[in-house]
Structures are given as structure tokens and as C-alpha cells.
Asker: 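After the C-alpha cells below, expect a handful of questions from me.
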Amino acid sequence: MCSCEEPRWGWGHCAPGPILLLGLLLAAPFGLLGEETRQVTLEVIPDSMGLPQNLLHIRAVGTNSTLHYVWSSLGPPAVLLVATNTPHSDLSVNWSRLLSPEPDGALMVLPKDSIQFSSALVFTRLFEFDSTNTSDVAAEPPGKPYPPYSLAEFSWNNITDSLDPATLSATFRGHPNQDPTRAFANGSLAFRVQAFSRSGRPAQPPRLLHTMDTCQLEVALVGASPRGNRSLFGLEVATLGQGPDCPSMQEQHSIDDEYAPAVFQLDQLLWGSLPSGFVQWRPVAFSQKQGGRESALPCQASPLHPTLAYPLPQSPIVRAFFGSHNNFCAFNLTFGASTGPGYWDQHYLSWSMLLGVGTPPVDALSPLVLGIMAVALGAPGFMLLAGGLFLLLGPKRK
């Protein structure tokens, strides 16, 4: 058992104790559950006049089910997750209603009675804090707040220009409509969305394990001028509540940090009992494009809380699919600390998450860790066996 205290955000070199190790060893062989072959497609849906409106549809068709991910930058960036029990479900869009002030009913997945699960995420605000006089990593807030950027008031690029069918990816890239300080004159906030045709891991950290049932979002702030010398940034994320309650958040711990060095934790948002939706991320961001240990930043997540006390910017696609009477919950992500590497190094910040429906991917122990454990656990047994053989077969005293 490691004697030092593990940081709240899951970093450091303290490995979990023997009980957790045994649990991981028992869980690891089971791997992914319910995986099936899917045909994954990605398309930008034009409006009724044939003009692109930044509505991206990812469709993953299996033998008996279909997953729909609908991403949009109409209003604040948002995504719908819809799972159906048929391979023949389709997305229907009424563009004139969707672009109107009352978009209720403009988005549907048909047939409606095939829907097994549906929810949404909305990325509402970009926060900035002055951490100059803050030394506590877990402080809330992590410094003096500047006025936040509302992502509903950003202008976004035409995602058709960034659509890449080979990698099943597209990028929403935006900047504020009103930028009096010209903070974004040479910068942008990007949301890169990627789907997957097979299971695996990206080449770059944090190397989240993905399946055909998932898609990945990478959020990157690049080139924007901070309003302080040691600014920390954060992101507000909203989701639909479950009646009066919020979805649950969980932390999973591991003894293996091969895929994300010095990070032994995986955070999850779960919408309900399986099969339902989930979000996964490691509590780490990066201050360089080639993410590594030297540019790793801690990522703090606040608890989920209802948003009844203040209004959220409305997402047209969320209202179009779910209607106007919904309870939302939100949590904040904060990237970095007042000490160590930060956005100020290269004016770069990236963070990744995985979004999916069904059973969340489970990390098995890496071959390196399994090899070390085999040696560590096997050596005492070998020594006992050798000692026993020596006593049994060695020269006998008279």
C-alpha cells in the first residue's frame, strides 16, 4: 500500500493497494461487453436550400440497432445521443422549423417507438480565471474570474471544409462575435469530433479506449490571448437531468498509467442504468499539441448540479428534439494549476472526452504491467519451490 496521499485529480505515482489490484485483475479479462460490427458513416446535413448549417450526423448501424450522434453549432455547441433497436432508424430534419424561434419537433429519429435511449450535452461557456495569487489546486473557483465567453455568441466555420471521411472526423472552429479586446484575433476554440469504425486507441494521449459505439471530442483553445499572465481556462457542460435528479459521476482508479503517464484515474458521467449513455475522460489536459508528461495539466471536475438558479443558453437542436420543458444539470471543468505548465507556455490547451451508448469501454491491464506483475508475483513462488526442492533432494545430515 502506498503511504502517500493520492491527489484528488488522480495524478502522482501512488498506486492503489492490494484490494483494488485484485478487483482490477478480476475485471480485466472480461474486456468489452456487447461489441458488434457496425457500419459507421458521417455526413453534414444541408438545409432545405442546400446550404450547410453545421449539422453533423454520425450514424453507426449494427445488426439490430442504430446509434445516432447529432452535433451542431447552431447556438452553443451541442450533441444529441440517440440509440434505437432497429438498423433502419433515420434522422428527420425540418429546417424551416429548426431555424425558427420555436424549433420544437424539428428534429426526430424515426420510428419514434424504436428509441431506447436519448440525451444531450451542451457546451455553454468558456471560463477564464486569474490564478496569480492562488496556490490551492482544488480551490473553487481557481482564481479571480474574468467575464466568461458565451459559446452561443460565437461564430463557427463551415464544417464541410473540415469533413474528413477517411478519419470520420470534422471540426467546429469558432471565435466570439464581439471581441472588443481582440483576444481571439489570432486564436480560436475548436471542437474536433471523430467517430470510429473499429476498436482501438488514438496515437496521442490520453489515448482513451474507443469502440464503434463511441465518438470522441477534442476541445482545443489555440492562439487566443489570455486576459492575465497566468490565466486558467474552464468549460461549462450541461446535460439533461433525469426527472428531478442529475446523472451520476464516478471515478475509476487503475494501477496502469501506460496510456496516460502519471494519470491513474478515469472519470465517467452515467445517465442511468445500462444500457444508457456515458461520457468518459481522464482528468488531464495538455498545453502542447504533442501531449506528454511535460505538458500535462490537471483537470478538475465540479459536481453535477441543477441549473434552476440561472438560465442556460438554449441549443436549438436540443429543444428541437426534446421540447422546451426540460431540467438541465451542469458541471464545470477547469484545466491547469497556478504552478507548473499552463496555457501561458504556448497559448495552447487541449482536452478530450469519449461519448457513447451502452457498456463503457473497460481498460484491461497493459502487457507491460502484466509482465511486471507476473515477475513480481512469480518470483516468491519460484523461490519457495526451489527451497522446497533443495530441502527434499539435498544432502541429508547424519
Asker: Hey, quick one: are Leu217 and Leu163 part of the same hydrophobic cluster, counting side-chain heavy atoms closer than 4.5 Å, chains of contacts allowed?
Answerer: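 In one cluster with Leu217: Leu163, yes.
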Asker: Can you name the nearest heavy-atom pair linking Val284 to Pro206, along with the distance?
Answerer: CG1-CB, 4.2 Å
Asker: Going from CZ on Arg125 to CD on Glu236, what distance comes out if it is rounded to the nearest 0.5 angstrom?
Answerer: 4.0 Å
Asker: If you measure from OG on Ser162 to CG on Asn157, what distance do you get to the nearest 0.5 Å?
Answerer: 5.5 Å
Asker: Less than 4.5 Å apart, side chain to side chain, heavy atoms only: is that true for Thr239 and Ser119?
Answerer: yes
Asker: Do Asn158 and Val44 make a side-chain contact, defined as non-hydrogen atoms from C-beta onward lying under 4.5 Å apart?
Answerer: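 No - every pair of side-chain heavy atoms lies 4.5 Å or more apart.
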Asker: Do Cys299 and Thr334 have side chains that get closer than 4.5 Å, going by heavy atoms?
Answerer: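 No; the side chains remain at least 4.5 Å from each other.
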Asker: When rounded to the nearest 0.5 angstrom, what is the spacing between CZ in Phe335 and CG in Leu333?
Answerer: 4.5 Å
Asker: His210 side chain to Gly200 main-chain N or O, any donor-acceptor pair under 3.5 Å?
Answerer: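 Yes, the answer is positive, given that a donor and an acceptor are paired below the 3.5 Å cut-off.
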Asker: Just by distance, do the side chain of Asn177 and the backbone of Ser155 share a donor-acceptor pair under 3.5 Å?
Answerer: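 Checked: pair present.
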Asker: Show the nearest heavy-atom pair for residues Pro76 and Ser315, with the distance to one decimal.
Answerer: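 In this case the closest contact between Pro76 and Ser315 is CD-CA, 4.2 Å.
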Asker: Give me the atom names and distance for the closest heavy-atom approach of Leu269 to Phe331.
Answerer: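 Where Leu269 meets Phe331 most closely, the heavy atoms are CD1-CE2, 3.6 Å.
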Asker: If you look at every heavy atom in Gly342 and Ser287, which pair is closest and at what distance?
Answerer: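 Distance-wise, the nearest heavy atoms are O-CB, 3.4 Å.
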Asker: Quick one: does Ser169's side chain have a donor or acceptor within less than 3.5 Å of a partner on Val193's backbone?
Answerer: no
Asker: Are the side chain of Ser302 and the backbone of Asn332 linked by a donor-acceptor contact shorter than 3.5 Å?
Answerer: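 It does hold such a pair.
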Asker: Side-chain contact, heavy-atom cut-off 4.5 Å: Phe328 with Val318?
Answerer: yes
Asker: Rounded to the nearest 0.5 Å, what separates atom CG in Leu56 from atom CD in Glu43?
Answerer: 8.5 Å
Asker: Provide the closest heavy-atom pair for Leu232 versus Ala337 in the form atom of the first, atom of the second, distance.
Answerer: CD2-O, 3.6 Å
Asker: Got a second to check how far Leu221's CG is from Leu126's CG, nearest 0.5 Å?
Answerer: 6.0 Å
Asker: Please enumerate all residues that pass side-chain hydrogen bond (donor to acceptor under 3.5 Å, both in side chains) together with Asn186, with sequence neighbours excluded.
Answerer: none
Asker: Do the non-hydrogen side-chain atoms of Phe278 and Pro361 ever get within less than 4.5 Å of each other?
Answerer: yes
Asker: Counting N and O atoms only, with roles assigned by atom type, does the side chain of Trp95 sit under 3.5 Å from a partner on the main chain of Pro46, one being a donor and the other an acceptor?
Answerer: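 Judged by distance alone, yes, a pair lies under 3.5 Å.
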Asker: Determine whether a donor-acceptor pair (N or O, by modelled atom type, separation under 3.5 Å) exists between the side chain of Ser350 and the backbone of Val219.
Answerer: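 Not at all, since once roles are kept as given, no pair shorter than 3.5 Å links the two residues.
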Asker: Can you confirm whether the side chains of Thr84 and Ser89 place a donor and an acceptor under 3.5 Å from each other?
Answerer: yes
Asker: Flag the pair Leu151 / Phe191 as yes when at least one side-chain heavy-atom distance between them is below 4.5 Å, and no otherwise.
Answerer: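 Yes - at least one pair of side-chain heavy atoms lies under 4.5 Å apart.
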Asker: For a 4.5 angstrom cut-off between non-hydrogen side-chain atoms, does Pro313 reach Thr124?
Answerer: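 SC-SC contact between Pro313 and Thr124 confirmed.
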Asker: Measure across His68 and Arg59 and return the closest heavy-atom pair with its distance rounded to 0.1 Å.
Answerer: CE1-NE, 3.7 Å
Asker: State whether the side chain of Glu251 and the backbone N or O of Leu266 hold a donor-acceptor pair below 3.5 Å, judged by distance alone.
Answerer: no
Asker: If you measure from CG on Leu55 to CH2 on Trp71, what distance do you get to the nearest 0.5 Å?
Answerer: 12.5 Å
Asker: Would Ile115 and Val82 count as a side chain to side chain contact (heavy atoms under 4.5 Å, CB included) here? Give the steps.
Answerer: CA-CA 7 Å; Ile115 296 175; Val82 183; 4.1 Å; yes
Asker: Scan side-chain atoms only and decide if Ser96 and Asn94 contain a donor-acceptor pair under the 3.5 Å cut-off.
Answerer: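 There is such a pair between these side chains.
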Asker: For the residue pair Phe184 and Tyr149, categorise the inter-ring angle as parallel (less than 30°), tilted (30 to 60°) or perpendicular (more than 60°).
Answerer: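 Judged by the thresholds at 30° and 60°, the geometry between Phe184 and Tyr149 is perpendicular.
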Asker: Applying side chain to side chain donor-acceptor pair (under 3.5 Å) as the test, list every pair that has at least one member in residues 217-235; sequence neighbours left out.
Answerer: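 The answer is Glu128-Arg227, Glu128-Ser231.
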Asker: Describe, in one word, how the ring planes of Tyr343 and Phe233 are oriented to each other, choosing from parallel (under 30°), tilted (30 to 60°) and perpendicular (over 60°).
Answerer: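 Taking Phe233 first and then Tyr343, their aromatic rings stand perpendicular (interplane angle over 60°).
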Asker: May I have the step-by-step check of side chain to side chain contact (heavy atoms under 4.5 Å, CB included) for Leu98 and Val93, ending in yes or no?
Answerer: CA-CA 8 Å; Leu98 181 60; Val93 183; 4.1 Å; yes
Asker: Hey, which of Leu189, Leu235, Val222, Leu297 is the one that makes side chain to side chain contact (heavy atoms under 4.5 Å, CB included) with Leu349?
Answerer: Leu297
Asker: Is there a donor-acceptor contact under 3.5 Å linking the side chains of Asn54 and Ser73?
Answerer: yes
Asker: Are the side chain of Asp179 and the backbone N or O of Ala183 linked by a donor-acceptor pair below 3.5 Å?
Answerer: yes
Asker: Between Thr211 and Arg198, is there a side-chain donor-acceptor contact under 3.5 Å, judged purely by atom types and distance?
Answerer: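 Note: Arg198 and Thr211 side chains miss the donor-acceptor criterion.
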Asker: For Gln280 and Gln268, which I'm curious about, is there any donor-acceptor pair between the side chains at under 3.5 Å?
Answerer: yes
Asker: Take atom CD in Glu294; do more than 12 heavy atoms of anything else shown fall under 6.0 Å from it?
Answerer: yes
Asker: Is the backbone of Thr171 close enough, under 3.5 Å, to the side chain of Arg192 for a donor and an acceptor to pair up by distance?
Answerer: no
Asker: Same cluster for Trp344 and Tyr348 if Ile/Leu/Val/Met/Phe/Trp/Tyr side chains link at under 4.5 Å?
Answerer: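 Looking at the clustering, Tyr348 is in a separate group from Trp344.
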Asker: With no hydrogens and no angle check, do the side chains of Gln290 and Gln204 hold a donor and an acceptor under 3.5 Å apart?
Answerer: yes
Asker: Do the side chains of Gln288 and Asp345 get nearer than 4.5 Å, heavy atoms only?
Answerer: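 No. Closest side-chain heavy atoms not under 4.5 Å.
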Asker: Out of Leu81, Val40, Leu42, which one pairs with Tyr69 under the side chain to side chain contact (heavy atoms under 4.5 Å, CB included) rule?
Answerer: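 Among Leu81, Val40, Leu42, the one meeting side chain to side chain contact (heavy atoms under 4.5 Å, CB included) with Tyr69 is Leu81.
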Asker: Can you classify the ring geometry of Phe129 versus Phe127 as parallel (below 30°), tilted (30 to 60°) or perpendicular (above 60°)?
Answerer: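 Rings of Phe129 and Phe127: tilted, as their planes differ by 30° to 60°.
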Asker: Take Gln216 and Phe196 through the test side chain to side chain contact (heavy atoms under 4.5 Å, CB included) and record every step on the way to the result.
Answerer: CA-CA 9 Å; Gln216 180 171 288; Phe196 303 100; 3.8 Å; yes
Asker: Please lay out, stage by stage, how Arg38 and Val61 fare under the test side chain to side chain contact (heavy atoms under 4.5 Å, CB included).
Answerer: CA-CA 5 Å; Arg38 291 190 182 275; Val61 182; 5.9 Å; no
Asker: Only pairs under 3.5 Å count here: list side-chain donor-acceptor contacts from residues 102-112, not counting sequence neighbours, and write none if there are none.
Answerer:
unit_1: Glu102; atom_1: OE1; unit_2: Arg319; atom_2: NH2; d: 2.4
unit_1: Asp104; atom_1: OD1; unit_2: Arg319; atom_2: NE; d: 2.7
unit_1: Asp104; atom_1: OD1; unit_2: Arg319; atom_2: NH2; d: 3.3
unit_1: Asp104; atom_1: OD2; unit_2: Ser324; atom_2: N; d: 3.3

